[in-house]
Trainee: 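A single structure is presented below for examination.
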Amino acid sequence: MSNYARHGLMQAADLKPGTPERPGERCVVHLDMDAYFASVEQRDIPMYRGKPLIVCHTASDFRSHGIVATCSYEARRWGVKTGMSVWEARSRCPHGVYVHANISKYLYNTRRIVDICRSYTPLTDVFSIDEVFLDVTTPALESGGREGQWEAALDIGSRLKGDIRRQLGLSTSVGVGPNRLVAKMAGEFEKPDGLTLVTPDQLPEILAPLPVDKIVGIGRRMKRNFDAMGVQTIGELAGTPRGILQRRFGVVGTLLHQASLGVDQGRVGYCDEEDTVKSFGHSLAMSGTTDLDLLRNIILGLSEAVTRRMRRDGYLGRTVNLRLRIGYAMGYSRAETMEDYTDLPSRIHRAACRLLEREASLGVWPEKITCVGVSVSSLKPSRERQLSLQDWRDPREMRITEVQDRLKDKYGDGVIMRASLKEKFALSGMNLIR
Amino acid sequence: MKIKCVRDDISAAVQAAQRVVSSRAIMPVLTGVILKTVAENIQVLATDLEISINIGFAASVEEPGQVVINARLLGDVLKNLSAEAVYLEKNGNDLEINDGKAVFKLRTMPAEDFPILPDVEEPLIQELESRAFINAISQVKNAASRDERRIILTGILFDLRENGLTLVGTDSYRLAMRELAARTVEIQEKSIIVPGHALQELSRWGDYQKSLDVYKSEGQVRFVQGNRSLTARLIEGRFPNYADFVPKQVQMTVRFAREEMEAAVRRMSLVAPTIVMKVDEKNITLESNASEVGEAREIVAVQGAGREMEMAFNADYLRDGIGAIDGEQVEMLLTDAEKPALMKSTERDDYKYVIMPVRIKKQG
């Protein structure tokens, strides 16, 4: 590590509201489920245990399209990774066990995990389906005092792991740190079944040598930018003057510079309040087609799935966004804002089809369509809905949808569906409603 | 061109013409008004290609001619002159304005660039009574849509029949219709859709002494009142069949005092945009609440309520309707919480306002 970088980090430590002489150092725990979907399946079905298990999001068979949602550690040894296409996974691990993702089951488990977390502190943020942040500052201070705060936090992390293992039979990796960013990075050090603490004092030595893409938010593209700037490690990023990053990347530059110093101003436990829903979307990957009728039909299925979730969560939407992936590299989206707010599938479907037909008529698709997505934004709550004169003259779709929703709520989503969707989506993950 | 005229005449004409001049005109010449001599009259004309306004006034014409000049500049200059009489003279590319004290030389625009406006001469309606017509417009125009994506609904339907005319405005949530006696001239097309903003302009024509004549030609309509006229491009398309949207079977009719209800609705709307109406034997209880603001409640005495009913409406839509009704007593015809309500005066049947309720999902 260069002196420059070290200097930068020391400065950060001085600035940070968490150096020993300052009160109010926070203890944040990051909980990450190990190979979550695969672990749940292996727990429930003994046959899968010890085998390379690959849980996939796919519409039909495991041959053509779809992606790997999660795979067990056994499968990872064969080079299978999350997000990989199913056929690539197959070529790497042909003897693996391939199963469909059962999202509602995992969500049920997530809810149980969150309940366990909330028994430690109400300041809990569900970050994703398999990640939770907990602010344990208060319980840690209560049991450990200011000196023993970090040991106490580590102890909470260990008890949390134990509770989840005992109650749900699932293994977790836990990171403990002074903020979300550091806690998450700490958790990455040891997986699976890890428990790692990074205190503010250790921050400079631990962060500096790590490659930049260990920071949340630096992906492949950002890494390429940093490679071009000659910045490879977090220490080097910290040593880069903030002004340069700001000019190059704007607000993100400032945030990344802060992140490289282990600074994260975000609070845990306020996420749910600020986090209002902005859009609802579904997409379907497929082997590639240019058949407009098929695409229209897929869009119908997606529109049904999207609007069902909107109705369940109580939203009406006005802007329809159609996302298309052409071949395997190019993707783009087009949007249309409708005259009126709706949560009915036919209106979303019509708008998305208009967008599709317009794009198709331009004749600019160099390859087949491999993924279609429909999302609806410009949302407002549906608690109060201004009825229109047209709703009164022709209430059929509204009525039918209401009846369908009631049936699905009672008997499950497969109980009723459009005949035109029966073949294509019978196995699809699309109709799985959270 | 060389003229002498009364400052108030020309100033008023230019101000009125100025209102159609768009600030985002697509051609520079459209930021201007054209002044033209026609015998012993001056015509002031402005257009945004959708609507054009033509206003005439008497003047003493010494030399005929025409000139195009920036509308706002001319309007501001005329407004600020102090003398009663104004001389205007075109010299080369400048228009000289002189009131005896102040002298302006304003640059003009080439008159030949000004678009030629269509002749709209085919009589449609003759001698409409201005006051009744303008009142009718104000009764229906609030119900029209302002959403440019529903271009048809931004217009007002003129549905013509022998000796009569029905004006209809709707934004699909409410519908206002007004019937009017009119001397209609026999025509092929029975109905036209006139842009809402053209009628907005028309509703400022307060000279009720003069009657209005309506002309049409291919895709255009023209309203003439005395020496002023307004031409607008008609909206093409099919207007919803309004008769379908008037509820025919109703469960009950309640009657209330218009002003009392309008004031109560306005008070309730201070808290939330949606008002719940609870009808019982003698009263309507109005309620509004917004969890983060608070609640409000008011009771209005009514007659004729047969049974209990509860429904909710958008407060603005409700007020637009109640406010547009002529007469002191209003009749409200109700069916149920998801069907339209109809409001009209108890004394007359020529105005109807149909309003769709707001459906409120019960919590939980």
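Numbers restart at 1 for each chain; the letters A, B, ... are given by sequence-line order, proteins then strands. Heavy atoms only: backbone and side chains are in, while hydrogens, waters and symmetry mates are out.
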Trainee: When you look at S172(B) and Q390(A), which way does the side-chain contact (heavy atoms from CB on, under 4.5 Å) test go after all the steps?
Mentor: CA-CA 7 Å; S172(B) 85; Q390(A) 208 53 51; 6.0 Å; no

Trainee: Which pair of heavy atoms, one from F245(B) and one from L389(A), lies closest together, and at what distance?
Mentor: CD2-CB, 3.6 Å

Trainee: Got more than 12 heavy atoms from elsewhere within 6.0 Å of OH, Y332(A)?
Mentor: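 Yes.
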
Trainee: Can you tell me which portion of N314(B) sits under 4.5 Å from chain A's heavy atoms? Options are side chain, backbone, both or neither.
Mentor: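 Contact with chain A: backbone and side chain both.
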
Trainee: Quick one: list whatever passes side-chain hydrogen bond (donor to acceptor under 3.5 Å, both in side chains) with K278(B), sequence neighbours left out.
Mentor: E287(B)

Trainee: Please output the residues of residues 335-342 of chain A in contact with chain B, using a heavy-atom cutoff of under 4.5 Å, in numerical order.
Mentor: T337(A), M338(A), E339(A), D340(A)

Trainee: Tell me every residue that passes side-chain hydrogen bond (donor to acceptor under 3.5 Å, both in side chains) with R161(B), counting only those two or more places apart in sequence or in another chain.
Mentor: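 R161(B): side-chain hydrogen bond (donor to acceptor under 3.5 Å, both in side chains) contacts with T166(B).
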
Trainee: Go through the atoms of F313(B) and report whether side chain, backbone, both or neither lie under 4.5 Å from a heavy atom of chain A.
Mentor: neither

Trainee: Check whether any side-chain heavy atom of I360(B) lies under 4.5 Å from a side-chain heavy atom of R383(A), and answer yes or no.
Mentor: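 When only atoms from C-beta onward are counted, R383(A) and I360(B) do touch, with a gap below 4.5 Å.
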
Trainee: Is the count of non-hydrogen atoms from other residues, nucleotides or ligands lying under 6.0 Å from Q167(A) atom CD greater than 12?
Mentor: yes

Trainee: Is it true that atom CZ of R238(B) has more than 12 heavy atoms of other residues, nucleotides or ligands lying nearer than 6.0 Å?
Mentor: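 For R238(B), atom CZ is not crowded (no more than 12 foreign heavy atoms under 6.0 Å).
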
Trainee: What part of T170(B) gets within 4.5 angstrom of chain A, counting heavy atoms only: side chain, backbone, both, or neither?
Mentor: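 Contact with chain A: side chain only.
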
Trainee: Taking atom NZ of K410(A) as the centre, report whether more than 12 heavy atoms of other residues, nucleotides or ligands fall under 6.0 Å from it.
Mentor: no

Trainee: Output side-chain donor-acceptor pairs under 3.5 Å for residues 393-400 of chain A, partner residues at least two apart or in another chain, one line each.
Mentor:
unit_1, atom_1, unit_2, atom_2, d
R393(A), NH1, D244(B), O, 3.2
D394(A), OD1, R396(A), N, 3.4
D394(A), OD1, R396(A), NE, 2.8
D394(A), OD2, R396(A), NH2, 3.1
E397(A), OE1, S346(A), OG, 2.5
E397(A), OE2, S346(A), N, 3.0
E397(A), OE2, S346(A), OG, 3.2

Trainee: Check P357(B) against Q386(A) and note the closest heavy-atom contact, atom names and distance.
Mentor: O-NE2, 3.5 Å

Trainee: Could you look at V276(B) and say if it's the side chain, the backbone, both or neither that has a heavy atom under 4.5 Å from chain A?
Mentor: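 Neither part; nothing is under 4.5 Å.
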
Trainee: Between K361(B) and S382(A), which heavy-atom pair has the shortest distance, and what is it?
Mentor: NZ-OG, 3.1 Å

